2 protein chains.
Amino acid sequence: MDIAALRSANPDHWKKATAIRALTLDAVHAANSGHSGAPMGMADVATVLFEKHLKFDASAPQWPDRDRFILSAGHGSMLVYSLLYLTGSPGMTLDQIKNFRQWGSITAGHPENFLHDGIETTTGPLGQGISNSVGFAIAEEALRARFGKKLVDHYTYVMAGDGCLMEGVSQEAIGLAGRLGLGKLIVLWDNNNITIDGTVELADRTDQVKRFRASGWQVLECDGHDPEAIDAALTKAKTGRRPTMIACKTHIALGHAAQDTSKGHGALTDPDQLKAAKDAYGWSGGPFEVPADVKSAWEAIGTRGAADHAAWSARLSEQSERRQAEFSRVMAGDVPKSLPSRIRALKKQISEEQPKVATRKSSEMVLDVVNPIMGETIGGSADLSGSNNTKSKDMTVFDEGNRKGRYIHYGIREHGMAAAMNGMALHGGIKPYGGTFMCFTDYARPAMRLAALMKVPTVFVMTHDSIGLGEDGPTHQPVEHLAISRSTPNTLVFRPCDTVETAESWELALSSKSTPSVLSLTRQGLPTLRTEHKQRNLTAQGAYVLADADGKRQALLMATGSEVEIAMKARDLLQAEGIGTRVVSMPCWELFEEQDEAYRRKVLPGGPVRVAVEAAIRFGWDRWLYGERGKREKSGFIGMHGFGASAPADVLYEKFGITPEAVAEKAKSLL
Amino acid sequence: MDIAALRSANPDHWKKATAIRALTLDAVHAANSGHSGAPMGMADVATVLFEKHLKFDASAPQWPDRDRFILSAGHGSMLVYSLLYLTGSPGMTLDQIKNFRQWGSITAGHPENFLHDGIETTTGPLGQGISNSVGFAIAEEALRARFGKKLVDHYTYVMAGDGCLMEGVSQEAIGLAGRLGLGKLIVLWDNNNITIDGTVELADRTDQVKRFRASGWQVLECDGHDPEAIDAALTKAKTGRRPTMIACKTHIALGHAAQDTSKGHGALTDPDQLKAAKDAYGWSGGPFEVPADVKSAWEAIGTRGAADHAAWSARLSEQSERRQAEFSRVMAGDVPKSLPSRIRALKKQISEEQPKVATRKSSEMVLDVVNPIMGETIGGSADLSGSNNTKSKDMTVFDEGNRKGRYIHYGIREHGMAAAMNGMALHGGIKPYGGTFMCFTDYARPAMRLAALMKVPTVFVMTHDSIGLGEDGPTHQPVEHLAISRSTPNTLVFRPCDTVETAESWELALSSKSTPSVLSLTRQGLPTLRTEHKQRNLTAQGAYVLADADGKRQALLMATGSEVEIAMKARDLLQAEGIGTRVVSMPCWELFEEQDEAYRRKVLPGGPVRVAVEAAIRFGWDRWLYGERGKREKSGFIGMHGFGASAPADVLYEKFGITPEAVAEKAKSLL
């Protein structure tokens, strides 16, 4: 590249863009790690986007109607931090930039949404940002349909690199966005032809222009270092009803000795090369120094949206009080005041009627109560709507012609669904939930982890949660997926035993504001075990005594979900032999772990022999089998010891020895 | 569809194809579950493929040079079972067909490779089969380059549905296959426009023809019920150097009342509709009855390849004995006889030189020893070659121009890589290994589970395995991924503490024939702790005493990987205070679990206080902390309690309290 020509062509633009490059070089140099090349390559595109297109007010990063800017290529985090610092985002100080990648700073190696309000989503695992963005764009369409253009009318801009586009999840996102006609989604592809191992050519020859067009996108191309071309492309991108991908031809690590090489992807720390690059840029001054005129120009960009913001606030205040309150409520993620009473009413009804249904069906019964009073829910399924029971009676399909629809056919795209749901939750104003089979937690897993890390309350409705799935066999029968979900920090894993516990689990999942939930639900029918109505949400304590011992307490049975019925039947067998037996239902280990030790010991007292029963592997159960402290309790486990098999569910339970008789025998053998 | 016209156009073909449809209808009816539509829709394509193109000898399903047939849409398993039964595959009896989806049968709900030799791979989780097939095709190219066309020269045929194509993993596979120019890979797309929720249109409008072409595939189209058109397309597919996708326009559940509907996807069990469909087919006779002439015609197809097979055997016997032995060895998955001695020599050298290196670097040192003597290894990385250290000195890149290359740049496609590796392992003759960051176990997870279920010894090289990764922060720092891998049945999870243990782990991983391995390796340097050379592979027992107590044994420290060094330093601190301390290195829990209780109790005796240290969450450790039986040992855990953070590695260890001092304090607090 002829840097001198770029400098002279548009000096004002050049200085602003170079501020990003210089800050990036300095921060990476100070940290002695990081990724220089992407911010240096995309600085021009970002500058034009922020200067001329992005609707934002730097002083108010949480303004609900701001355009969203998502850096899918999260390793280029210095691009985001530079932009936030330059435009004057509160808290993004120069000291933070100087402490890039250090303990306690908000300028982490990859952008973390929970560290700064101006960061829309956590990126780094490639493909996630572009897939979240589909959710952001869905949320915008849905909220615009609900609250009107006066309150909701913004774009979602995404920067994605080759790494993002090679990931399968982005391909799911591309297909979904094309299908849903998300015209306000604009992807800026950092087309620099470089990955870590070398040129893109090493691993891929896909024609991305054709690939996006094949899924119904508008595709534009521009020189990613020509501000006028970038501006023209962005202007065009905002027209039409299709999502747009702009292929921005860029040079990674522009102007540095490592330009256009894979070395340029990483940390450029050589001081001489750094100086040479700055010299070429015409950038003098010490490390982290931004000339006052350049900083002011950027700050003016940061305040450009203040008038828009004020006008929006005025429009909001013109709405009826009720509408304002509803808008504020959903944006804050609060549940409606009536939710607890509706859930209680359902619980009461269930404990009286005592239906025998699968908990996936129970879940549908809850949704039929919840969705009509929570206009902010958006449900969906990865092509298993009839199996996951995720579509409540009142829901219509979200589509180009029906943006008020609240049900999404995600297609056979578990990962894309999960990532899109995270995007909706991050956007605010939406409570997303979506279903697939529990076993396909595997497919959705990277996005499920990010929900936990990002502290967003996405709800994953995972049905067919054990060998109880039956004939489909071991590929579809989870055995380790409870352990996988439970081992993930900041995740609530609910495995309800009946409709009442399912209602309680949903109440907790919907009320959560910073923790995702996994609902592990059965395919097979289960009796109502909570036949005595309790106002209180017993699931909120994670575990509780479902049936206490009749007579001296000699055995203690612990179970979750479909195996609570088995534990209750085992209790009958044991009590018939005069062995006093307590049954503890443990629908949510994480919430039980949060209780104080006194409660935990009350529920699981020392003394009686313990048997846990769960149609899954033992991994993790030892925490509860061995007792809180003191002597080790005599204990045993009834469950799976490997993968399942293809056969009817009742045959599998019998063959794998997960039966009331086996539980009772195990308890007796320990006495 | 005009079924009568199809019948009359080509009666011989029609009868053969209808045998598949009739068996499918009968088996699903008998099981009262399953998927009828796909086998009924793809019966014509399958018939032409088997009759005119597929090179196979039904009596010898393991003939190494057979064409591979992979049903990626695994729910249509009755297609495979019908074909195996009709062509006379040993063991696939009519009784098996009658016991479709029942306990103990080999006709599981989804095809399971470990139940019958004629099933090439386990499918069901969508997108896996087509992604495996890329590995099958790579294996064929690599083996052909190594052993010549006389021994290796076959095609890989895949049937994939819309569900497969919507999954992200298939998109990764499409990109990879296009890039590698796998001309002998032929995908038959069951283009029936139906998914479980309804028409494909509900969730996708991707033009698949354009999408495949964008990644460099040859794309053909045909009427999937016209045998001549299918034959012509297959003939054409075998020309050229690019992979081919044939879009076969089909009708799901052809000829049934549920044809062309989503209902047709599932179990068609209504007896009247079943009879009506058979009547339309012109198919009389009772359930499971195939007219003798039709069965003979199919059996003739099954023996069509016998002459080819015999000729192949003759060509094999003409090879030198050494070459025959080598071919047999690699196809059997046996390691070379010299492997153990090479590993021992490396261990000896290391224990003398005592390098301080990251275990990812140790792994490279092992590969530099192993790869030159194991021509069957194919390594690679998902665009992290320099970080995963997976490319040994002798390896060149596998490419269109260099089929002898044994290193693959998979691109940023962890999932596609894992699935392709499984395909290579399933093909036979190849020992695949591939690298990414441990945290991206998440992306590869569905294929990693299938490796375990399918009993293939794929090796997953997972580097940067803890907060020791440092500045990249929590998105890149695994904390739950050891638990995830350990909770998966039939998986060996190795977390070596130094180069010696890394060599031992690799020896075990390479020697495994039916269990995949996860190698959890550090980014950061570690000292050599195994400074006393032992001939024996100590890692083979899973855990062992690395350093025993000096004096009375009061404390027992357990650790893996990078934390063994911390445990050893804690031991120094404790011993300095006169507290006799044993350190147990536990590089592989699964192998330790396999030892007899006597050995386990010898390594972890009751009495001393126990402290486990691992830079990961505690989940799963209770198994070892509480003791084998009897009284509960006093114990504690030093490790992570949530997600990590972005900072230099040493700062993170300090801030998260994973230090020798913390371990020693914990032990003392328990005494």
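Note that the structure is predicted; figures quoted are calculated from it, not measured.
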Tell me, for [X] versus chain A, whether the close heavy atoms (under 4.5 Å) come from the side chain, the backbone, both or neither.
X	result
B/C164	neither
B/I484	both
B/L450	side chain
B/V479	both
B/A452	both
B/E201	both
B/F643	both
B/T123	backbone
B/P111	neither
B/S33	side chain
B/A645	side chain
B/H75	neither
B/W589	side chain

| message | Using modelled atom types and a 3.5 Å cut-off, is there a donor and acceptor pairing between side-chain atoms of A/D197 and backbone atoms of B/S385? | response |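 Side chain of A/D197 to backbone of B/S385: a pair is present.
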| Short question: side chain of B/D383, backbone of A/I196 - any donor-acceptor pair under 3.5 Å? |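 At least one qualifying donor-acceptor pair exists.
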Using a cut-off of under 4.5 Å on heavy-atom pairs, state which of [options] scores highest against chain B.
options	result
A/D442, A/T488, A/T195	A/D442
A/G34, A/G175, A/A447, A/P474	A/P474
A/P125, A/P648, A/G124, A/C439	A/P125
A/L384, A/V209, A/I174	A/L384
A/G178, A/G216, A/G620	A/G620
A/L453, A/N99, A/D207	A/L453

Only pairs of heavy atoms separated by less than 4.5 Å count here; which of [options] has the most with chain A?
options	answer
B/G470, B/G416, B/P446, B/G109	B/P446
B/G198, B/A483, B/G127, B/G411	B/A483
B/Q128, B/M640, B/M448	B/Q128
B/G473, B/A31, B/S262, B/A108	B/A108
B/I408, B/I617, B/V651	B/I617
B/G74, B/A173, B/S487	B/S487

Taking side chain as C-beta onward, heavy atoms only, is [X] less than 4.5 Å from [Y]?
X	Y	value
A/T475	B/T122	yes
A/H415	B/Y443	yes
B/R211	A/S215	no
A/H481	B/R449	yes
B/Q171	A/M166	no
B/K210	A/R213	no

Test: [X] and [Y] ion pair at under 4.0 Å:
X	Y	result
B/D204	A/R413	yes
B/E414	A/R445	no
A/R486	B/E480	no
B/D472	A/R101	yes

| task | Give a yes or no on this: more than 12 heavy atoms of other residues, nucleotides or ligands lie within 6.0 Å of atom CD of A/E654. | result |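 No, CD of A/E654 has 12 or fewer neighbouring heavy atoms, counting only those of other groups under 6.0 Å.
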| message | Using 0.5 Å steps for rounding, measure from the CH2 atom of A/W103 to the OG atom of B/S646. | response |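 Reported value, rounded in 0.5 Å steps: 10.0 Å.
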| query | What's the shortest heavy-atom distance between B/D622 and A/Y626, and which atoms? | reply |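 B/D622 and A/Y626 have their closest heavy atoms at O-CE1, 3.7 Å.
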| said: Please evaluate residues B/E593 and A/R618 with respect to the criterion salt bridge (Lys or Arg N to Asp or Glu O under 4.0 Å), reporting the C-alpha separation (whole Å), side-chain torsions for both, the decisive distance (0.1 Å), and the verdict. | reply: CA-CA 13 Å; B/E593 188 72 78; A/R618 177 181 177 134; over 6 Å; no
| Considering only heavy atoms, which portion of A/H641 lies under 4.5 Å from any heavy atom of chain B: side chain, backbone, both, or neither? |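 When you check distances to chain B, no heavy atom of A/H641 falls under 4.5 Å.
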| query | Parallel under 30°, tilted from 30 to 60°, perpendicular over 60°: which one fits the rings of A/H476 and B/H110? | reply |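 Plane angle under 30°, so parallel.
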| request: Describe, in one word, how the ring planes of A/F619 and B/F619 are oriented to each other, choosing from parallel (under 30°), tilted (30 to 60°) and perpendicular (over 60°). | output: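 Ring orientation of A/F619 relative to B/F619: tilted.
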| message | Evaluate A/E172 against B/E167 for side-chain contact (heavy atoms from CB on, under 4.5 Å), listing each step before the verdict. | response | CA-CA 7 Å; A/E172 299 183 14; B/E167 290 287 359; 3.7 Å; yes
